[in-house]
> 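The structure's right below; bear with me while I get my questions together.
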Amino acid sequence: MNNRAIVAHKVAVGVLWASAVLTLGILVFILAYILYHGLPVLSWSFISQSPTEMGRSGGILPTIVGTFALTILALAIATPLGVGTAIFLTEYTRPGPLTRVVRFGAESLAGVPSIIFGLFGFMFFVIYLGLGWSILSGALTLAAMILPTIIRTSEEAIRAVPDSYREISFALGGTRWQTVTRAVLPSALPGILTGVMLGMGRSIGETAAVIFTAGSTLRLPTSVTDPVRTMAVHFYILAREGISMPNAYGTAAILVISILAVNFVAYWLMQRFIARHS
Amino acid sequence: MSEEGRVTREGHPKRGRRRAGLSERGVERVLTVVALSAIGVLGLITVFIFIGGLPAIAKTGLWAFVSGHKWAPGRGVFGIFPMIMGSLWVTIGALAIGVPLSLACAIFLAEVAPPKTARVIKPAIELLAGIPSVIYGFMGLVILVPLIRTHLGGPGFSVLASSVVLGIMILPTVISISYDAMKAVPEAYRDGSLALGATKWQTIVMVLLPAARSGILAAIILGMGRAIGETMAVIMVAGNATMVPGSLLDPVRTLTSNIALEMGYAAGTHRAALFGTGVILFVIIMLLSILASFTTTARGKAKVNPKP
């Protein structure tokens, strides 16, 4: 081993460390910057009151309600479909043309940009099905968008369940569906929930797919056929049109806190899942 | 699994088997339909984007639509060449910034990092993927744009600002997929190289990277797809002028921002032209997605090919 190779190695390792620190630094900087400017704006009235003057003053209650209504409905639609697809892929078929088609669908859908989902949702749900700008149109669009995430994580979680669980269930006379619902799914649950939480995080932060499907009204919704403005859309409009920087920061802070909370729960569930299966 | 299932079902007592068998078949049918949901949605997206966009493309002519330099919705002139070039520019810029940093991070996590450090950095990178794109765009708007304006000149809203923001946004995608590719390289390859007296860095460059190259390529292609498809972040920092940028400091409009900027008020042929922009974007993304799946299937065949 010559000296030059050793020096090259040392320099390279230094560069690799620097890259990792830089990436971590970017994350910390973004979070710190938003929270530093946003937290002072937050107050009970900010989250419990409706905005006035297009958001220049007042709170952001309708956008919080809108965001969570959209997200929960989207998850309610996408979770059964995603988990069902994962069960089908892992428990009910062997690899073949059909699974290839299913997988191609999920993988391609994962790569479709959110603005395309927005266009599609507008054309299909808003106009063609006549749902208008509404929570329902927005949630269906988001459901389509997060479906691949839920399929992939659920499939991984179900595959990680040891075969012995299934064998015991079959040996006790369980049918395949009984085996899935009583032996496989309970064990895979934390892993599946991780995927659901990741889908939730994506829904909360999404802008392009909901702005043309759920609308951007600031009124408090009373039913799923009402249009809403999400926090992300509200933040975008406040910041881009320069309506109110303080309120933009406040909205961003709540957005970031929600995303952090969702990701921490996802991470915690994942740790539990790994601990259970190793 | 299906083998055991079949055996068990046949071994059931008669009555139980009939009841269970019926519902079993029902469940299987329902699951088959459910499993087709993703490909069904993909089909619907394709159909409806094309229905929305083809009238405008047919009216303008495909070639005139993609090669036209003028975008003047008021006069019914729809040429998206500047946006195609805009998307290309910012994507190349994003890759130039994001790929080296991503690969360095992936190598760090896979080969160099002490386990404790890796346990902190991996979830942090996943968190980076969870931050909404409007937040990235906003950070670019309040930090990067003024910085470029004062130190490098120009309006600040530029190819450069977009590239940096997108470069950061593709980090999680490129890192996690190339990390998986590196982890999939058998330990024996590394051991062999180290046993021959190579340093760790020589092993990384001459053994690990060549062995993981198809996975790394797939990671880069998927990162490219993310950069081309990103909308809200780019709108906030790109300046959105409908002209082919002449330099890194010129403002730029991408395919995605063209759609998002004008969808709010467009109607008639104008709206169709925006869907037409979506058609072009969708076709590009699908081509990239097919390309990525090609490289991942080729992954198994990857051979180690150390340079002499």
Side-chain angles (χ1 to χ4, degrees), chain A residues 1 5-6 8-9 12-13 15-16 19-20 23-24 26-27 30 34 81 84-85 87-89 91-92 94 101-102 105-109 111-116 119-120 123-124 144 147-148 151 166-167 170 173 175-177 201 205 207-208 212 232 235-236 239-240 252 255-256 259 263 267, chain B residues 1-2 4-5 8-9 12 20 23-24 27-28 31-32 34-35 37-39 41-42 44-45 48-49 52 101 104-105 107-108 112 121 123-125 127-128 130-135 138-139 168 171 197 199-202 225 229 231-232 236 256 259-260 263 275 278 281-282 285-286 289 293:
Chain A
M1 223 192 283
I6 295 171
H9 165 79
V13 169
V15 171
L16 294 178
S19 309
T23 305
L24 196 62
I26 291 170
L27 174 73
I30 293 175
I34 296 290
L81 292 177
T85 304
I87 294 171
F88 176 80
L89 284 173
E91 308 291 318
Y92 278 83
R94 291 154 184 285
V101 168
V102 170
E107 274 166 26
S108 307
L109 207 57
V112 172
S114 52
I115 185 76
I116 296 285
L119 281 182
F120 159 71
M123 200 69 180
F124 185 61
L147 184 60
I151 293 176
R166 299 178 179 90
E167 282 153 14
F170 287 134
T175 64
R176 209 181 308 181
W177 184 239
T207 313
F212 305 123
F235 168 66
Y236 170 71
R240 202 173 127 74
L255 195 55
V256 163
I259 300 276
N263 273 276
Y267 180 73
Chain B
M1 257 358 283
S2 49
E4 286 94 325
T8 320
R9 220 155 48 179
H12 256 262
S23 68
E24 270 297 297
V27 163
E28 202 164 334
L31 284 178
T32 313
V34 163
S37 58
I39 189 86
V41 170
L42 189 70
L44 280 176
I45 291 177
F48 277 87
I49 298 289
L101 190 54
C105 282
I107 295 170
F108 176 78
V112 177
I121 297 201
I125 287 164
L127 193 57
L128 210 53
I131 293 179
S133 49
V134 275
I135 301 266
F138 180 74
M139 294 302 290
I168 293 171
L171 288 176
T199 63
K200 187 131 198 183
W201 178 241
Q202 286 171 326
T231 313
M232 303 322 270
M236 295 172 96
T256 51
I259 301 169
M263 261 306 281
F275 272 89
L281 177 66
F282 187 64
I285 294 285
M286 288 313 284
S289 159
S293 72

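Note on naming: letters A, B, ... go to the chains in the order of the sequence lines (proteins, then strands), and numbering restarts at 1 for each one.
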> Against chain A, label Leu44(B) side chain, backbone, both or neither, depending on which of its atoms sit under 4.5 Å from a heavy atom there.
both
> Would you mind checking which part of Val101(A) comes under 4.5 Å of any heavy atom in chain B, side chain (CB onward), backbone (N, CA, C, O), both or neither?
both
> Select one option (side chain, backbone, both, neither) describing which atoms of Ile49(B) are under 4.5 Å from chain A's heavy atoms.
side chain
> Give, as side chain, backbone, both or neither, the part of Thr231(B) having an atom under 4.5 angstrom from any heavy atom of chain A.
side chain
> Atom CE in Met139(B), atom CE in Met236(B): separation rounded to 0.5 Å?
11.5 Å
> Between Pro148(A), Gly205(A), Ser19(A), which has the largest tally of heavy atom pairs under 4.5 Å with chain B?
Ser19(A)
> Could you state the interatomic distance from OG1 (Thr207(A)) to CZ (Phe212(A)), rounded to the nearest 0.5 Å?
10.5 Å
> Going by the angle between their ring planes, with limits at 30° and 60°, are Tyr92(A) and Trp177(A) parallel, tilted or perpendicular?
tilted
> Picking from Met123(A), Arg240(A), Glu107(A), which has the most non-hydrogen pairs under 4.5 angstrom with chain B?
Met123(A)
> Relative to chain A, which segment of Ile168(B) carries a heavy atom at a distance below 4.5 Å: side chain, backbone, both, or neither?
side chain
> In terms of heavy-atom pairs under 4.5 Å, which option from Gly111(A), Ala208(A), Gly201(A) contacts chain B the most?
Ala208(A)
> Starting at OH of Tyr236(A), measure out to CZ of Phe138(B) and round the result to the nearest 0.5 Å.
13.5 Å
> Using a cut-off of under 4.5 Å on heavy-atom pairs, state which of Ala124(B), Ser133(B), Ala38(B), Gly278(B) scores highest against chain A.
Ala38(B)
> Measure distances from Ile116(A) to the heavy atoms of chain B and classify the residue's part below 4.5 Å as side chain, backbone, both or neither.
both
> Does any backbone or side-chain atom of Ile45(B) lie under 4.5 Å from a heavy atom of chain A? Answer side chain, backbone, both or neither.
both
> For the candidates Asn263(A), Leu119(A), Leu89(A), which exhibits the highest count of non-hydrogen atom pairs separated by less than 4.5 Å from chain B?
Leu119(A)
> Can you tell me which portion of Ile34(A) sits under 4.5 Å from chain B's heavy atoms? Options are side chain, backbone, both or neither.
side chain
> Please classify the contact between Val134(B) and chain A as side chain, backbone, both or neither, with a heavy-atom cut-off of under 4.5 Å.
both
> Using a cut-off of under 4.5 Å on heavy-atom pairs, state which of Leu147(A), Val15(A), Thr23(A), Leu24(A) scores highest against chain B.
Thr23(A)
> Which answer fits Ile115(A), side chain, backbone, both or neither, if we ask what part of it has an atom under 4.5 Å from a heavy atom of chain B?
both
> If we define contacts as heavy-atom pairs under 4.5 Å, which of Leu171(B), Val112(B), Leu101(B), Ile121(B) has the most with chain A?
Leu101(B)
